[in-house]
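Everything below concerns the one structure shown next.
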Amino acid sequence: MTTSADALTILAVMALAAAICRGGGFWLMRFVPITPRVRAALNAIPIAVLMGIMAPALLRGGIAESAAVLATAGVVKAGGNDLLAILAGLATVALLRQVM
Amino acid sequence: MTETSVASPPFTWAGFRHGALLSLAFGASSFVYGIAFGVLASEAGISMAEAAIMSATVFSGTAQMAVLQMWKTTLALLPVFFTVLMMNTRYFLMGAALRPWLGALPPGKAALSLFFLVDGSFVLAMREKARGMDDGAMLVGSGVISYAGWVIATLIGYGLGHKLGDPRVYGLDTILVLFCASSVAFMWRGRTLLAPAAAAAAVAIGVDRIGGGAWAIAVAGVAGALIGAAMHDARGDA
């Protein structure tokens with residue numbers, strides 16, 4: 001368990017950059033009045049972020065992942081809870097990866 | 001309607017617990033990625049203490065993986081700084097989106113919420129918020145679960161090194177994507193979200209295809225926000 005001074009500087013710089021990203025947007029919006037228009041823009045961000053995570057991963061992953069996503073969404077829409085839905089997706093992807 | 005003097009949202013242990021319990025599912029994915037990071041770190045010539053400090057202060061898988069690559073070759077301050085900045089631009093947008101909700105929190109509580117901010121906790125908190133649960137501590141609770149999983153798993157992965165099998169066999173690498181899928185299904189409220197969602201997906205795929213994978217989520221977020229504003233203008237109720 002050793003660290004060098006150089007390594008600690010690198011780690012500090014990394015922590016600083018991460019903090020700037022996590023705090024920056026929140027801080028900046030202090031100076032932007034939250035009009036209905038701005039609110040409409042901010043409201044669209046969560047779903048857009050979800051798509052930003054999912055879409056490239058699905059395209060890269062292929063059939064097993066896409067089937068798993070459908071299974072998960074299906075369980076949610078059928079009224080199931082989160083954990084159940086994710087387990088259904090996991091079972092789907094594990095199974096399809098064994099077969100394909 | 002002015003939003004400048006809104007009251008502070010509640011910030012309670014009950015909210016913390018709510019967020020923590022709901023996040024156990026994607027907390028597991030954070031754990032799996034943490035193991036992977038720990039294994040890679042053990043091979044990159046970085047000490048176990050350094051790997052643990054990195055996970056505990058940076059708390060960002062993509063950024064840390066990228067820096068590991070640099071650790072093996074050329075390590076210089078400025079490239080490291082910009083790499084972490086670029087890999088985490090998405091948090092900039094998430095923070096902006098959190099402002100209307102958490103802007104009135106005391107600075108300490110707001111800082112705490114932002115420090116533990118991570119993809120999964122943001123998704124979960126926004127979803128619960130949409131269902132009427134507005135306790136700000138929910139975000140911290142769900143972030144802490146991922147954080148604990150990430151840091152502990154870094155140590156375990158580093159310690160175990162290559163002795164582990166491939167978690168891909170069990171599909172564990174897809175947990176975050178599946179969590180996103182269930183959240184989309186929960187959050188879907190009809191047509192309003194269709195255009196931002198479609199634009200975000202298209203843009204993310206495009207950015208990923210031209211090799212800018214680190215930017216995909218952030219650019220998708222911007223695209224969604226722009227479409228959201230444009231639709232608001234089109235409705236003409238500005």
Side-chain angles (χ1 to χ4, degrees), chain A residues 1-3 7 9-11 13-30 33-34 36-61 65 68-69 72-73 75-77 82-83 85-86 89-90 93-94 97, chain B residues 3 25 47-50 53-54 57-58 60 67 75 77 80-81 84-85 88-93 95-100 114-115 117 119 123 126 170-171 174 177-187 193 196-197 200-201 204-205 208 216-217 220-221 223-225 227-229 232 238:
Chain A
M1 302 276 277
T2 51
T3 55
T9 316
I10 294 279
L11 291 175
V13 160
M14 290 179 72
L16 176 71
I20 289 173
C21 289
R22 284 202 168 86
F26 188 79
W27 178 78
L28 208 67
M29 288 309 291
R30 243 185 106 165
I34 298 173
R37 183 164 191 269
V38 171
R39 186 175 285 271
L42 295 181
N43 280 345
I45 290 179
I47 197 92
V49 165
L50 284 171
M51 290 299 172
I53 298 173
M54 268 170 54
L58 286 183
L59 210 63
R60 225 172 261 181
E65 282 77 1
V69 160
T72 299
V75 171
V76 170
K77 281 296 173 201
D82 229 9
L83 200 60
I86 289 172
L90 271 183
V93 79
R97 278 184 189 169
Chain B
E3 299 287 341
S47 78
M48 192 181 203
E50 286 158 2
I53 294 171
M54 194 192 284
T57 57
V58 182
S60 167
V67 172
L75 196 59
L77 281 182
V80 165
F81 180 73
V84 177
L85 217 54
N88 285 335
T89 39
R90 63 185 189 279
Y91 289 128
F92 202 87
L93 281 169
L98 287 170
R99 184 91 214 179
L114 293 169
F115 178 77
L117 178 62
D119 298 339
V123 167
M126 292 317 262
Y170 313 104
T174 55
V177 168
L178 295 178
F179 180 70
C180 288
S182 84
S183 295
V184 171
F186 270 112
M187 284 167 73
L193 290 175
I205 288 169
D208 189 62
I217 299 173
I227 301 282
H232 177 267

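What you see below is based on every heavy atom in this structure, not just the backbone, and it leaves out hydrogens, waters and symmetry mates. Chain naming here is simple, since letters A, B, ... match the order of the sequence lines and numbering starts at 1 in each. Everything numeric here is computed off the predicted structure, so don't read it as measured data.
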Problem set entry | Engaged part of B/Ala197 at the chain A interface, taking heavy atoms whose separation is under 4.5 Å | both
For this session: Please state whether the side chain, the backbone, both or neither of B/Thr89 comes within less than 4.5 Å of a heavy atom of chain A.
Result: backbone
Problem set entry | Atom of B/Ala185, atom of A/Lys77 and distance for their closest heavy-atom approach | O-NZ, 3.0 Å
Problem set entry | Spatial distance of atom CG (B/Leu178) from atom CG (A/Leu90) [nearest 0.5 Å] | 5.5 Å
Seminar exercise, completed: Residue from B/Ile217, B/Thr57, B/Val177 scoring the most non-hydrogen pairs under 4.5 Å with chain A is B/Ile217
Exercise. For the candidates A/Val76, A/Leu59, A/Leu58, A/Thr9, which exhibits the highest count of non-hydrogen atom pairs separated by less than 4.5 Å from chain B?
Worked result: A/Val76
Problem set entry | Closest non-hydrogen atom pair between A/Ala68 and A/Gly89, with its separation | CB-O, 3.3 Å
Exercise. Can you name the side-chain hydrogen bond (donor to acceptor under 3.5 Å, both in side chains) partners of B/Ser183, sequence neighbours left out?
Worked result: B/Arg127
Problem set entry | Nearest-0.5 Å distance that lies between atom OG1 in B/Thr174 and atom CZ in A/Arg97 | 5.5 Å
Exercise. Using a cut-off of under 4.5 Å for heavy-atom pairs, which of B/Ala220, B/Cys180, B/Ala223 has the most such pairs with chain A?
Worked result: B/Cys180
For this session: Answer with side chain, backbone, both or neither: which region of A/Arg60 has an atom nearer than 4.5 Å to a non-hydrogen atom of chain B?
Result: side chain
Exercise. Which region of B/Met126, side chain (C-beta onward) or backbone (N, CA, C, O), has a non-hydrogen atom less than 4.5 Å from a non-hydrogen atom of chain A, or is it both or neither?
Worked result: side chain
Problem set entry | Gap between atom CD1 of A/Ile10 and atom CD1 of B/Ile53 - 0.5 Å precision | 13.5 Å
Check residues 16-25 of chain A and write down every donor-acceptor pair under 3.5 Å in which the side-chain atom is one partner and the other belongs to a residue at least two apart or another chain.
unit_1	atom_1	unit_2	atom_2	d
A/Arg22	NE	B/Leu117	O	2.6
A/Arg22	NH1	B/Val58	O	3.1
A/Arg22	NH2	B/Phe59	O	2.6
A/Arg22	NH2	B/Leu117	O	3.0

Exercise. When only pairs under 4.5 Å are counted, which of B/Gly221, B/Ser182, B/Pro196, B/Ala200 shares the most heavy-atom pairs with chain A?
Worked result: B/Ser182
For this session: Provide the closest heavy-atom pair for A/Val38 versus A/Pro33 in the form atom of the first, atom of the second, distance.
Result: CG2-O, 3.7 Å
Exercise. Is it the side chain or the backbone of B/Val67 that comes within 4.5 Å of chain A heavy atoms, both, or neither?
Worked result: side chain
Seminar exercise, completed: When the 4.5 angstrom heavy-atom criterion is applied to B/Val123 and chain A, the contacting part is side chain
For this session: Measure A/Leu28 against the heavy atoms of chain B and call it side chain, backbone, both or neither at under 4.5 Å.
Result: side chain
For this session: Find the distance between CE (B/Met54) and CE (A/Met14) and round it off to the nearest 0.5 Å.
Result: 4.0 Å
Exercise. Does the B/Ser47 side chain pair with the main chain of B/Glu50, one donor and one acceptor, at a distance under 3.5 Å?
Worked result: yes
For this session: For chain A, find which of B/Ile227, B/Asp208, B/Val184 contributes the most heavy-atom pairs closer than 4.5 angstrom.
Result: B/Asp208
For this session: Mind ranking B/Leu98, B/Leu93, B/Val84 by heavy-atom pairs under 4.5 Å with chain A and telling me who comes out on top?
Result: B/Val84
Exercise. Who wins among B/Ala181, B/Ser60, B/Gly224 for the most heavy-atom pairs under 4.5 Å with chain A?
Worked result: B/Ala181
Seminar exercise, completed: Most contact-rich option vs chain B, by heavy-atom pairs under 4.5 angstrom, among A/Val75, A/Val49, A/Asn43, is A/Val49
